[in-house]
> 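Please see the structure below; I have some questions.
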Amino acid sequence: MQSYLMVTAAVLLLAVDFSLQKLYQKRMGTAFTTGLVFNVLIGLFTAVIFFFINGCRLHFSLFSVLMAAAMSSLCILYSLIGFRILKTGNMAYYTLALMSGGMTIPYVYGLLFLHEDFSVLRLVGLILILVAVVSSNMAEGKIDGKLILYCAAVFILNGFVSVVSKLHQIDLVHSPVSANEFVIYTGIMKVILSGLTFLLFRAFNKENEDKKPSSASKTVLLITIASAFVSGLSYMLQLLGASRLPASVLYPFITGGSIVLSTIAGMLFFKEKVSKKLIFSVILCFIGTCLFL
């Protein structure tokens, strides 16, 4: 019961974080450097906040550092692409692709490499989720090729984020650090990787993309601090859940809940218009998720 309560809290926090990301995107735009700055700030605040939460302690593990680097790289990529989705589509599009990928790929990985149990119902659920993702991109009666490409990218990237997360938590050989400390390392790696990419990009490019004013207002800083705390806490709870629940239960639970709650948040806080077909896709995905439990 305690494990399920932790994962439920993680789902609620995810919906809040998606709303904060949407708010940041609306205020700051979708330029490549804007996305990199967001990841630098998120990484910095995450590392600092959770360093204090962890009692100002941080143990070293080369394995954990490398896993954090791999995970942060994937997160940065889907974050940059996600800003584009949030600009052209509703939060439902982003969360459908992101979270369903974060469940589908680790589920298949668990079957193939972790010897987790196969279930016909879960196979049906997987098919329903994939159908929901495809149909969501046809919600307006036409296929948006660019949106499909973006959604496919975040689907795959977040899927492998979940695989890396699971592998780190179940490893018993390389002395991985605790869940709190792994959150700190992912934050540090986000700062390093996003910061270096930002400096290299600015050194070789004169960016002329659509921009909002670059000055960091107090509101934007508060948004990033809140997002860092919320996403870090959600991720920590997911890591704890990953160590106690099988991947075939954990990720479907997170997926279905976050998709439904994020869609509702988009409608309530950003007045997003959700078509009947998109609602059908969300419901279909939720039903498919429930078949995993």
Side-chain angles (χ1 to χ4, degrees), residues 2-3 6-7 9-10 13-14 17 36 38-80 98 101-103 105-110 112-116 156-199 224-225 227-251 254:
Q2 185 179 8
S3 298
M6 286 192 299
V7 176
L13 291 170
L14 272 176
D17 186 41
L36 290 174
F38 177 77
N39 277 281
V40 169
L41 293 174
I42 287 293
L44 176 62
F45 293 136
T46 298
V48 171
I49 290 170
F50 281 85
F51 181 68
F52 283 104
I53 288 177
N54 201 49
C56 297
R57 296 187 305 271
L58 182 61
H59 298 96
F60 178 78
S61 166
L62 180 60
F63 171 74
S64 293
V65 171
L66 293 176
M67 294 294 273
M71 187 166 174
S72 295
S73 299
L74 296 169
C75 288
I76 291 167
L77 286 173
Y78 81 59
S79 173
L80 294 172
L98 186 75
M103 185 217 69
I105 292 178
Y107 170 68
V108 174
Y109 184 90
L112 295 178
F113 301 105
L114 301 180
H115 308 293
E116 295 185 350
I156 295 170
L157 290 168
N158 195 40
F160 282 101
V161 165
S162 297
V163 170
V164 172
S165 171
K166 182 67 178 180
L167 291 177
H168 179 267
Q169 285 307 108
I170 65 176
D171 185 87
L172 300 175
V173 178
H174 301 95
S175 300
V177 297
S178 67
N180 275 0
E181 291 174 320
F182 191 59
V183 172
I184 297 171
Y185 277 122
T186 55
I188 293 172
M189 296 311 299
K190 269 191 179 183
V191 173
I192 294 173
L193 296 174
S194 297
L196 288 176
T197 304
F198 176 85
L199 293 175
T224 53
I225 292 173
S227 180
F229 180 76
V230 168
S231 62
L233 183 56
S234 175
Y235 178 57
M236 183 189 71
L237 292 172
Q238 291 178 54
L239 285 177
L240 292 173
S243 65
R244 303 179 186 185
L245 296 172
S248 55
V249 172
L250 174 69
Y251 296 110
I254 294 172

> How far apart are the closest heavy atoms of Ile76 and Leu36, and which atoms are they?
CG2-CD2, 4.4 Å

> Under the 3.5 angstrom rule, does the side chain of Asn158 hit a backbone N or O of Leu98 as a donor-acceptor pair?
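Side chain of Asn158 to backbone of Leu98: a pair is present.
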
> Is the closest side-chain heavy-atom distance between Ser162 and Ile105 below 4.5 Å?
no

> Test your reading of the model: is there a side-chain donor-acceptor pair from Thr186 to the backbone of Val183, 3.5 Å cut-off?
yes

> Any side-chain heavy atom of Leu157 sitting closer than 4.5 Å to one from Val161?
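Counting from C-beta outward, Leu157 and Val161 never come under 4.5 Å.
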
> Give a yes or no on whether Phe52 atom CZ has more than 12 heavy-atom contacts from other residues, nucleotides or ligands under 6.0 Å away.
no

> Quick one: does Leu62's side chain get under 4.5 Å of His174's, heavy atoms only?
no

> So do the side chains of Leu58 and Ile188 get within less than 4.5 Å of each other, counting heavy atoms only?
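Counting from C-beta outward, Leu58 and Ile188 do come under 4.5 Å.
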
> Counting only heavy atoms from other residues, nucleotides and ligands, does the tally under 6.0 Å from CZ of Phe45 exceed 12?
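Result for CZ/Phe45: enclosed.
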
> Drop me the distance from Tyr78's OH to Ile156's CD1, to the nearest 0.5 angstrom.
14.5 Å

> Below 4.5 Å, heavy atoms only, C-beta onward: do Phe50 and Leu233 meet side chain to side chain?
yes

> Any side-chain heavy atom of Ile170 sitting closer than 4.5 Å to one from Leu114?
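In short, these two side chains touch, coming nearer than 4.5 Å.
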
> Decide yes or no for Met67 and Phe182: does some side-chain heavy atom of the first lie under 4.5 Å from some side-chain heavy atom of the second?
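Heavy-atom side-chain distance check passes, below 4.5 Å.
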
> At their closest point, which heavy atom of Ser61 faces which heavy atom of Ser175, and how far apart are they?
OG-O, 3.1 Å

> Would you mind telling me which of Val40, Leu44, Ile42 makes a side-chain contact (heavy atoms from CB on, under 4.5 Å) with Lys190?
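Exactly one pass, corresponding to Ile42.
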
> Look up atom OG1 in Thr46 and atom CG in Leu41, then write down how far apart they are to the nearest 0.5 Å.
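Thr46 OG1 to Leu41 CG: 10.0 Å, rounded to 0.5 Å.
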
> Within this structure, what is the CG-CZ distance for the pair Asp17 and Phe229, rounded to the nearest 0.5 Å?
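Here the interatomic distance stands at 12.0 Å.
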
> To the nearest 0.5 Å, what is the distance between OG on Ser64 and CD1 on Ile184?
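The distance works out to 11.5 Å.
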
